Amino acid sequence: MGSRSRWRQSWAPQPLTPLMEGPDPEMQEEGTKKESSWEVIREWFRTQKISPGGSFSQSFYGTIHAKTQDLRLLLGVLGCPLAPIPSPHDPTLSIHIKDTPFQTSTAKYIIQQYLAATGCLKQQKETKNMYATGMVKMICCETEISSGKNVKCLGTRSTENGCFVLWQMLPGMWSLELVVGGHKVVAGSNGKTVWRHTPWLGTHAAKGPQRPLRRIIQGLDPKTTASLFTNAQCLGENRIGTVDCFVLKVCADRAAVIERSEGPAEVIRHILYGYFCQKSGLLIYLEDSHLTRVQTQENDTVYWETTIGSSIGDYRDVDGIMIAHQGRSIATVFRFGELSMQHSRTRMEETWTIDDAMFNVPGLSMDHFIPPADIFDDN
(Lines give C-alpha, C1' and ligand atoms only; values in the text may rest on other atoms or scores of the structure.)
Protein backbone atom coordinates (compact mmCIF):
# COMPACT_ATOMS: atom_id res chain seq x y z
CA MET A 1 0.00 0.00 0.00
CA GLY A 2 2.91 2.29 0.71
CA SER A 3 4.16 2.01 -2.88
CA ARG A 4 0.76 2.71 -4.34
CA SER A 5 0.18 5.74 -2.13
CA ARG A 6 3.52 7.20 -3.17
CA TRP A 7 2.49 6.87 -6.81
CA ARG A 8 -0.79 8.62 -6.04
CA GLN A 9 1.10 11.53 -4.54
CA SER A 10 3.52 11.75 -7.45
CA TRP A 11 1.08 11.54 -10.35
CA ALA A 12 -1.87 13.87 -10.81
CA PRO A 13 -4.82 11.92 -12.24
CA GLN A 14 -5.51 12.84 -15.86
CA PRO A 15 -7.90 11.49 -18.50
CA LEU A 16 -6.31 8.54 -20.28
CA THR A 17 -6.13 8.34 -24.06
CA PRO A 18 -4.39 5.56 -25.99
CA LEU A 19 -0.66 5.93 -26.66
CA MET A 20 -0.70 6.04 -30.45
CA GLU A 21 2.34 5.31 -32.57
CA GLY A 22 0.95 7.11 -35.60
CA PRO A 23 -0.54 10.49 -36.46
CA ASP A 24 -3.48 12.12 -34.78
CA PRO A 25 -6.63 11.28 -36.79
CA GLU A 26 -7.63 14.96 -36.59
CA MET A 27 -4.31 16.11 -38.05
CA GLN A 28 -5.96 18.13 -40.81
CA GLU A 29 -8.46 19.95 -38.61
CA GLU A 30 -7.99 23.57 -37.67
CA GLY A 31 -10.52 23.53 -34.85
CA THR A 32 -10.08 22.74 -31.22
CA LYS A 33 -7.15 20.54 -30.26
CA LYS A 34 -7.54 16.98 -29.10
CA GLU A 35 -5.26 15.66 -26.39
CA SER A 36 -3.42 12.60 -27.68
CA SER A 37 0.10 11.26 -27.72
CA TRP A 38 0.55 12.60 -31.28
CA GLU A 39 -0.76 16.09 -30.50
CA VAL A 40 2.84 17.31 -30.60
CA ILE A 41 3.42 16.04 -34.13
CA ARG A 42 0.05 17.36 -35.23
CA GLU A 43 0.92 20.84 -34.00
CA TRP A 44 4.46 20.66 -35.37
CA PHE A 45 3.39 19.82 -38.92
CA ARG A 46 0.48 22.27 -38.91
CA THR A 47 2.90 25.17 -38.44
CA GLN A 48 4.80 24.13 -41.56
CA LYS A 49 1.93 23.89 -44.05
CA ILE A 50 2.43 25.41 -47.47
CA SER A 51 0.32 28.46 -48.13
CA PRO A 52 -2.10 28.53 -51.13
CA GLY A 53 0.33 30.71 -53.04
CA GLY A 54 3.03 28.08 -52.81
CA SER A 55 5.22 29.93 -50.32
CA PHE A 56 6.58 28.38 -47.15
CA SER A 57 6.02 29.90 -43.74
CA GLN A 58 9.17 30.10 -41.64
CA SER A 59 7.84 32.27 -38.84
CA PHE A 60 7.60 29.21 -36.64
CA TYR A 61 11.37 28.94 -36.51
CA GLY A 62 13.72 31.25 -34.71
CA THR A 63 11.44 31.37 -31.67
CA ILE A 64 11.51 29.74 -28.27
CA HIS A 65 8.25 28.01 -29.13
CA ALA A 66 9.88 26.41 -32.16
CA LYS A 67 12.70 24.98 -30.08
CA THR A 68 10.24 23.55 -27.58
CA GLN A 69 8.15 21.95 -30.33
CA ASP A 70 11.27 20.46 -31.93
CA LEU A 71 12.27 18.86 -28.63
CA ARG A 72 8.78 17.51 -28.02
CA LEU A 73 8.77 16.00 -31.50
CA LEU A 74 12.13 14.34 -30.80
CA LEU A 75 10.94 12.91 -27.51
CA GLY A 76 7.65 11.79 -29.03
CA VAL A 77 9.40 9.77 -31.76
CA LEU A 78 12.75 8.77 -30.22
CA GLY A 79 12.08 9.03 -26.50
CA CYS A 80 10.57 5.62 -25.75
CA PRO A 81 9.40 3.78 -28.88
CA LEU A 82 8.28 0.17 -28.51
CA ALA A 83 9.33 -2.91 -30.47
CA PRO A 84 6.89 -4.03 -33.20
CA ILE A 85 5.96 -7.37 -31.60
CA PRO A 86 5.60 -8.81 -28.08
CA SER A 87 8.47 -10.77 -26.59
CA PRO A 88 7.68 -14.48 -26.05
CA HIS A 89 9.57 -14.35 -22.71
CA ASP A 90 10.99 -17.83 -23.29
CA PRO A 91 13.73 -18.20 -20.65
CA THR A 92 15.19 -21.26 -22.40
CA LEU A 93 15.20 -19.68 -25.88
CA SER A 94 14.97 -23.18 -27.31
CA ILE A 95 15.46 -23.25 -31.07
CA HIS A 96 13.99 -26.11 -33.12
CA ILE A 97 15.05 -26.31 -36.76
CA LYS A 98 13.35 -29.57 -37.75
CA ASP A 99 10.29 -29.31 -40.03
CA THR A 100 10.62 -25.53 -40.46
CA PRO A 101 10.95 -23.55 -43.74
CA PHE A 102 14.48 -22.86 -44.92
CA GLN A 103 14.28 -19.07 -44.34
CA THR A 104 12.99 -19.62 -40.81
CA SER A 105 15.47 -22.33 -39.90
CA THR A 106 18.34 -20.18 -41.21
CA ALA A 107 17.14 -17.30 -39.02
CA LYS A 108 17.03 -19.60 -35.99
CA TYR A 109 20.60 -20.70 -36.65
CA ILE A 110 21.75 -17.04 -36.90
CA ILE A 111 20.03 -16.25 -33.60
CA GLN A 112 21.74 -19.22 -32.00
CA GLN A 113 25.09 -17.81 -33.16
CA TYR A 114 24.09 -14.40 -31.79
CA LEU A 115 23.34 -15.89 -28.38
CA ALA A 116 26.69 -17.64 -28.41
CA ALA A 117 28.53 -14.47 -29.46
CA THR A 118 26.96 -12.44 -26.64
CA GLY A 119 27.78 -15.11 -24.04
CA CYS A 120 24.17 -16.00 -23.22
CA LEU A 121 24.61 -19.72 -23.98
CA LYS A 122 27.41 -20.17 -21.46
CA GLN A 123 25.94 -17.91 -18.79
CA GLN A 124 25.96 -19.77 -15.49
CA LYS A 125 23.31 -17.93 -13.48
CA GLU A 126 19.88 -16.88 -14.68
CA THR A 127 19.38 -13.18 -15.41
CA LYS A 128 16.36 -11.86 -13.51
CA ASN A 129 16.73 -8.11 -13.90
CA MET A 130 18.91 -5.39 -15.40
CA TYR A 131 19.89 -1.80 -14.71
CA ALA A 132 21.49 0.69 -17.10
CA THR A 133 22.26 4.41 -17.18
CA GLY A 134 23.39 6.45 -20.13
CA MET A 135 23.71 9.78 -21.91
CA VAL A 136 21.84 10.89 -25.03
CA LYS A 137 22.22 13.68 -27.56
CA MET A 138 19.17 14.42 -29.71
CA ILE A 139 19.28 16.44 -32.92
CA CYS A 140 16.28 17.78 -34.82
CA CYS A 141 17.26 18.27 -38.45
CA GLU A 142 15.68 20.06 -41.36
CA THR A 143 12.25 19.24 -42.73
CA GLU A 144 11.71 18.87 -46.46
CA ILE A 145 8.27 19.98 -47.64
CA SER A 146 7.21 19.45 -51.22
CA SER A 147 4.11 20.61 -53.08
CA GLY A 148 4.27 19.84 -56.77
CA LYS A 149 7.24 21.72 -58.19
CA ASN A 150 8.01 23.59 -54.96
CA VAL A 151 10.46 21.93 -52.58
CA LYS A 152 12.00 23.65 -49.61
CA CYS A 153 13.81 22.79 -46.39
CA LEU A 154 12.78 24.45 -43.15
CA GLY A 155 14.44 24.70 -39.79
CA THR A 156 17.96 24.36 -38.48
CA ARG A 157 19.78 21.64 -36.59
CA SER A 158 19.09 22.02 -32.88
CA THR A 159 20.88 19.81 -30.36
CA GLU A 160 19.80 18.83 -26.85
CA ASN A 161 21.71 16.69 -24.36
CA GLY A 162 20.24 14.47 -21.69
CA CYS A 163 20.46 11.28 -19.68
CA PHE A 164 18.37 8.24 -18.84
CA VAL A 165 18.05 5.41 -16.36
CA LEU A 166 16.50 2.07 -17.31
CA TRP A 167 15.35 -0.86 -15.19
CA GLN A 168 14.09 -4.21 -16.43
CA MET A 169 12.70 -7.26 -14.65
CA LEU A 170 11.51 -10.46 -16.27
CA PRO A 171 8.98 -11.22 -17.48
CA GLY A 172 8.05 -8.08 -19.37
CA MET A 173 8.52 -5.40 -16.70
CA TRP A 174 10.58 -2.28 -17.38
CA SER A 175 10.85 1.35 -16.34
CA LEU A 176 12.51 4.30 -18.11
CA GLU A 177 13.20 7.86 -17.02
CA LEU A 178 14.61 10.13 -19.74
CA VAL A 179 15.48 13.80 -19.24
CA VAL A 180 16.47 15.92 -22.25
CA GLY A 181 16.63 19.71 -22.43
CA GLY A 182 14.65 20.14 -19.21
CA HIS A 183 11.85 17.83 -20.38
CA LYS A 184 11.25 14.52 -18.63
CA VAL A 185 9.62 11.46 -20.14
CA VAL A 186 8.72 8.52 -17.91
CA ALA A 187 7.50 5.20 -19.30
CA GLY A 188 7.04 1.72 -17.96
CA SER A 189 5.40 -1.68 -18.08
CA ASN A 190 4.22 -4.00 -15.33
CA GLY A 191 4.15 -6.94 -17.74
CA LYS A 192 0.54 -6.29 -18.74
CA THR A 193 0.14 -2.56 -19.36
CA VAL A 194 2.54 -0.19 -21.11
CA TRP A 195 2.21 3.49 -20.26
CA ARG A 196 4.00 6.80 -20.84
CA HIS A 197 3.95 10.17 -19.09
CA THR A 198 5.05 13.51 -20.55
CA PRO A 199 4.59 16.97 -18.96
CA TRP A 200 2.59 18.22 -21.97
CA LEU A 201 0.27 15.21 -22.49
CA GLY A 202 0.03 13.55 -19.09
CA THR A 203 -0.26 9.77 -18.81
CA HIS A 204 -1.24 7.52 -21.68
CA ALA A 205 -1.72 3.77 -21.91
CA ALA A 206 -0.58 1.89 -24.99
CA LYS A 207 -3.09 -0.04 -27.07
CA GLY A 208 -2.53 -3.56 -28.30
CA PRO A 209 -0.25 -6.33 -27.01
CA GLN A 210 2.37 -5.57 -24.40
CA ARG A 211 5.70 -4.99 -26.21
CA PRO A 212 9.26 -4.41 -25.00
CA LEU A 213 10.95 -1.02 -25.02
CA ARG A 214 13.07 -0.50 -28.12
CA ARG A 215 16.03 0.74 -26.05
CA ILE A 216 16.23 -2.68 -24.42
CA ILE A 217 16.68 -4.52 -27.72
CA GLN A 218 19.31 -2.06 -28.98
CA GLY A 219 22.12 -4.22 -27.62
CA LEU A 220 21.26 -4.02 -23.90
CA ASP A 221 19.49 -7.34 -23.41
CA PRO A 222 20.55 -10.00 -25.96
CA LYS A 223 18.01 -12.55 -24.71
CA THR A 224 15.06 -10.22 -25.26
CA THR A 225 16.42 -9.30 -28.69
CA ALA A 226 16.85 -12.98 -29.60
CA SER A 227 13.32 -13.80 -28.46
CA LEU A 228 11.91 -11.24 -30.91
CA PHE A 229 13.72 -12.87 -33.84
CA THR A 230 13.11 -16.55 -33.03
CA ASN A 231 10.30 -16.70 -35.63
CA ALA A 232 11.95 -14.34 -38.11
CA GLN A 233 12.80 -14.96 -41.75
CA CYS A 234 16.29 -14.65 -43.18
CA LEU A 235 16.23 -12.31 -46.19
CA GLY A 236 19.82 -13.08 -47.18
CA GLU A 237 22.94 -10.97 -46.93
CA ASN A 238 23.55 -7.24 -47.00
CA ARG A 239 26.31 -4.85 -46.07
CA ILE A 240 26.26 -2.12 -43.43
CA GLY A 241 29.20 0.12 -44.25
CA THR A 242 32.02 -2.37 -44.79
CA VAL A 243 30.49 -5.13 -42.64
CA ASP A 244 28.80 -8.15 -44.24
CA CYS A 245 25.61 -9.05 -42.39
CA PHE A 246 22.78 -11.54 -42.33
CA VAL A 247 19.41 -9.76 -42.47
CA LEU A 248 16.47 -11.07 -40.42
CA LYS A 249 12.90 -9.78 -40.72
CA VAL A 250 9.95 -10.11 -38.36
CA CYS A 251 6.50 -8.53 -38.77
CA ALA A 252 3.70 -7.72 -36.38
CA ASP A 253 0.78 -10.00 -37.25
CA ARG A 254 -2.44 -8.58 -38.66
CA ALA A 255 -4.48 -9.15 -35.50
CA ALA A 256 -1.93 -7.23 -33.41
CA VAL A 257 -1.81 -4.17 -35.68
CA ILE A 258 -5.61 -4.08 -35.88
CA GLU A 259 -5.73 -4.03 -32.09
CA ARG A 260 -3.40 -1.02 -32.11
CA SER A 261 -5.64 0.92 -34.53
CA GLU A 262 -8.19 3.44 -33.33
CA GLY A 263 -11.01 5.27 -35.09
CA PRO A 264 -9.94 6.72 -38.44
CA ALA A 265 -6.27 5.86 -37.75
CA GLU A 266 -5.45 2.36 -38.99
CA VAL A 267 -2.06 0.75 -38.43
CA ILE A 268 -1.11 -0.94 -41.71
CA ARG A 269 2.15 -2.66 -40.78
CA HIS A 270 5.09 -2.64 -38.40
CA ILE A 271 8.25 -4.47 -39.49
CA LEU A 272 11.56 -5.05 -37.70
CA TYR A 273 14.87 -5.81 -39.45
CA GLY A 274 17.99 -7.04 -37.68
CA TYR A 275 21.46 -7.00 -39.24
CA PHE A 276 23.81 -9.55 -37.65
CA CYS A 277 27.52 -9.40 -38.43
CA GLN A 278 28.67 -12.54 -40.27
CA LYS A 279 32.09 -12.41 -38.64
CA SER A 280 31.26 -11.66 -35.00
CA GLY A 281 27.64 -12.81 -34.85
CA LEU A 282 26.64 -9.60 -33.05
CA LEU A 283 23.71 -7.32 -33.87
CA ILE A 284 25.12 -4.15 -35.44
CA TYR A 285 22.06 -2.52 -37.03
CA LEU A 286 18.34 -2.46 -36.19
CA GLU A 287 15.58 -0.90 -38.27
CA ASP A 288 11.83 -0.78 -37.89
CA SER A 289 9.21 0.73 -40.17
CA HIS A 290 5.74 1.72 -38.99
CA LEU A 291 2.97 2.76 -41.42
CA THR A 292 -0.40 4.27 -40.45
CA ARG A 293 -3.30 5.29 -42.67
CA VAL A 294 -5.63 8.10 -41.56
CA GLN A 295 -9.00 8.99 -43.05
CA THR A 296 -9.68 12.69 -42.49
CA GLN A 297 -13.06 14.33 -42.09
CA GLU A 298 -12.63 15.72 -45.62
CA ASN A 299 -12.54 12.06 -46.76
CA ASP A 300 -8.89 12.35 -47.75
CA THR A 301 -6.46 9.54 -47.03
CA VAL A 302 -3.13 10.47 -45.45
CA TYR A 303 -0.29 8.06 -44.75
CA TRP A 304 2.36 8.39 -42.07
CA GLU A 305 5.52 6.29 -42.16
CA THR A 306 7.99 6.40 -39.28
CA THR A 307 11.32 4.64 -39.82
CA ILE A 308 14.01 4.30 -37.15
CA GLY A 309 17.42 2.88 -38.04
CA SER A 310 19.96 2.29 -35.25
CA SER A 311 23.67 1.54 -35.58
CA ILE A 312 24.86 -0.45 -32.55
CA GLY A 313 28.44 -0.93 -31.39
CA ASP A 314 31.13 -0.77 -28.69
CA TYR A 315 30.28 -4.16 -27.22
CA ARG A 316 31.80 -4.79 -23.78
CA ASP A 317 31.64 -7.61 -21.28
CA VAL A 318 29.21 -7.05 -18.38
CA ASP A 319 28.96 -10.02 -16.01
CA GLY A 320 29.83 -12.38 -18.86
CA ILE A 321 27.35 -10.84 -21.35
CA MET A 322 28.41 -8.67 -24.30
CA ILE A 323 26.49 -5.38 -24.04
CA ALA A 324 26.51 -2.58 -26.64
CA HIS A 325 27.70 0.66 -25.03
CA GLN A 326 27.00 3.16 -27.78
CA GLY A 327 24.86 3.71 -30.85
CA ARG A 328 23.18 6.15 -33.16
CA SER A 329 19.56 6.26 -34.35
CA ILE A 330 18.21 8.15 -37.36
CA ALA A 331 14.44 8.55 -37.50
CA THR A 332 12.40 9.75 -40.46
CA VAL A 333 8.77 10.84 -40.29
CA PHE A 334 7.27 10.85 -43.79
CA ARG A 335 3.76 12.18 -44.44
CA PHE A 336 2.05 11.80 -47.81
CA GLY A 337 -1.44 11.53 -49.32
CA GLU A 338 -3.09 9.42 -52.00
CA LEU A 339 -4.34 12.41 -54.00
CA SER A 340 -2.36 15.41 -52.76
CA MET A 341 1.03 16.28 -54.28
CA GLN A 342 2.19 17.64 -50.92
CA HIS A 343 4.43 15.57 -48.69
CA SER A 344 6.68 16.24 -45.72
CA ARG A 345 9.80 14.43 -44.57
CA THR A 346 11.46 15.18 -41.23
CA ARG A 347 14.76 13.65 -40.18
CA MET A 348 16.01 13.50 -36.59
CA GLU A 349 18.93 11.85 -34.83
CA GLU A 350 19.92 10.46 -31.47
CA THR A 351 23.26 9.24 -30.22
CA TRP A 352 23.61 7.40 -26.93
CA THR A 353 26.28 5.96 -24.67
CA ILE A 354 25.89 3.53 -21.77
CA ASP A 355 27.71 4.68 -18.64
CA ASP A 356 26.85 1.77 -16.37
CA ALA A 357 25.06 -1.55 -16.70
CA MET A 358 24.41 -4.31 -14.20
CA PHE A 359 22.47 -7.59 -14.05
CA ASN A 360 20.64 -9.13 -11.08
CA VAL A 361 20.38 -5.97 -8.97
CA PRO A 362 19.68 -6.95 -5.33
CA GLY A 363 16.37 -5.78 -3.87
CA LEU A 364 14.61 -4.99 -7.16
CA SER A 365 11.00 -6.19 -6.97
CA MET A 366 7.66 -5.90 -8.77
CA ASP A 367 6.83 -2.86 -6.62
CA HIS A 368 9.29 -0.81 -8.67
CA PHE A 369 7.13 -1.27 -11.80
CA ILE A 370 3.69 -0.27 -10.44
CA PRO A 371 1.95 2.04 -12.97
CA PRO A 372 0.76 5.54 -11.98
CA ALA A 373 -2.38 5.87 -9.89
CA ASP A 374 -4.57 7.02 -12.79
CA ILE A 375 -3.86 3.75 -14.60
CA PHE A 376 -5.29 1.90 -11.57
CA ASP A 377 -8.26 4.23 -11.41
CA ASP A 378 -9.00 3.79 -15.12
CA ASN A 379 -8.82 0.00 -14.87
Side-chain angles (χ1 to χ4, degrees), residues 21 81-88 90 92-121 211-212 214-257 267-292 303 305-315 321-324 326-334 345 347 349:
E21 295 178 84
L82 304 179
I85 64 174
S87 174
D90 181 5
T92 62
L93 289 174
S94 55
I95 296 179
H96 305 287
I97 297 180
K98 186 179 180 181
D99 298 328
T100 58
F102 176 75
Q103 290 181 321
T104 305
S105 61
T106 302
K108 291 179 180 294
Y109 178 78
I110 293 170
I111 290 301
Q112 191 79 347
Q113 297 303 307
Y114 168 66
L115 290 171
T118 55
C120 292
L121 294 184
R211 294 169 286 145
R214 196 181 191 276
R215 291 189 183 275
I216 292 175
I217 64 173
Q218 293 173 177
L220 277 179
D221 183 1
K223 285 189 176 182
T224 298
T225 304
S227 68
L228 292 179
F229 285 100
T230 51
N231 295 317
Q233 289 185 324
C234 180
L235 301 184
E237 303 177 7
N238 206 336
R239 178 170 290 188
I240 296 295
T242 60
V243 181
D244 293 321
C245 300
F246 295 113
V247 184
L248 303 189
K249 171 187 174 183
V250 64
C251 303
D253 59 49
R254 185 59 184 163
V257 295
V267 180
I268 304 299
R269 58 168 168 78
H270 200 169
I271 305 175
L272 181 68
Y273 300 91
Y275 291 72
F276 296 83
C277 176
Q278 295 183 11
K279 184 177 181 180
S280 67
L282 298 173
L283 176 68
I284 66 167
Y285 188 76
L286 194 69
E287 179 180 293
D288 61 280
S289 176
H290 178 268
L291 180 65
T292 302
Y303 291 88
E305 185 173 32
T306 303
T307 303
I308 305 177
S310 302
S311 301
I312 303 166
D314 191 17
Y315 279 87
I321 303 297
M322 296 299 291
I323 298 299
Q326 69 176 17
R328 178 190 183 208
S329 292
I330 298 178
T332 302
V333 179
F334 184 46
R345 188 191 305 271
R347 183 176 180 272
E349 299 178 18

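What you see is a predicted model; the values in this text were computed from it and never measured.
Formation of a donor-acceptor pair under 3.5 Å by the Lys249 side chain with backbone atoms of Tyr273 is not found in this model. Put simply, the side chain of Thr225 gets close to the backbone of Ile217: a donor and an acceptor are under 3.5 Å apart. Side chain of Tyr315 to backbone of Leu283: a donor-acceptor contact under 3.5 angstrom is found. Between the side chain of Arg269 and the backbone N or O of Leu291 there is no donor-acceptor pair closer than 3.5 Å.
Side chains of Ser87 and Thr224: a donor-acceptor N/O pair is absent below 3.5 angstrom, by distance only. Side-chain polar atoms of Thr307 and Glu287 form no donor-acceptor pair below 3.5 angstrom.
Phe276 has its ring centre less than 6.0 Å from the ring centre of Phe229.
Heavy atoms only, all atoms of each residue included: Ala324 and Leu220 are closest at O-CD2, 4.3 Å. Taking each heavy atom of Ala117 and Ser280 in turn, the nearest pair found is CB-O, 3.2 Å. In terms of heavy-atom proximity, Ala252 sits nearest to Pro84 at CB-O, 3.6 Å. The minimum heavy-atom distance linking Ile308 with Ala331 is given by the pair CG1-CB, 4.0 Å.
Between Glu305 atom CD and Thr292 atom OG1 the span is 9.5 Å, to the nearest 0.5 Å. Rounded to the nearest 0.5 angstrom, Arg347 CZ and Ile330 CD1 are separated by 4.0 Å. Once rounded to the nearest 0.5 Å, the distance linking OG of Ser105 with CD of Gln233 reads 11.0 Å. The distance from the OH atom of Tyr275 to the CG atom of Leu248 is 10.5 Å, given to the nearest 0.5 Å. Taking CG from Asp253 and NE2 from His270, the interatomic distance works out to 13.0 Å, rounded to the nearest 0.5 Å. Taking CG of Asn231 as the start and SG of Cys251 as the end, the distance is 12.0 Å to the nearest 0.5 Å.
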Residues Leu121, Gln112; criterion side chain to side chain contact (heavy atoms under 4.5 Å, CB included); working and verdict: CA-CA 9 Å; Leu121 294 184; Gln112 191 79 347; 4.3 Å; yes

Criterion side chain to side chain contact (heavy atoms under 4.5 Å, CB included) on Leu286 and Gln218, from CA distance to verdict: CA-CA 7 Å; Leu286 194 69; Gln218 293 173 177; 4.3 Å; yes

Test log, rule side chain to side chain contact (heavy atoms under 4.5 Å, CB included), inputs Ile85 and Leu272: CA-CA 9 Å; Ile85 64 174; Leu272 181 68; 5.8 Å; no

Test side chain to side chain contact (heavy atoms under 4.5 Å, CB included) applied to Ile268 and Val257, step by step: CA-CA 7 Å; Ile268 304 299; Val257 295; over 6 Å; no

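Contact check for Ser310 versus Arg214: side-chain heavy atoms found under the 4.5 Å cut-off.
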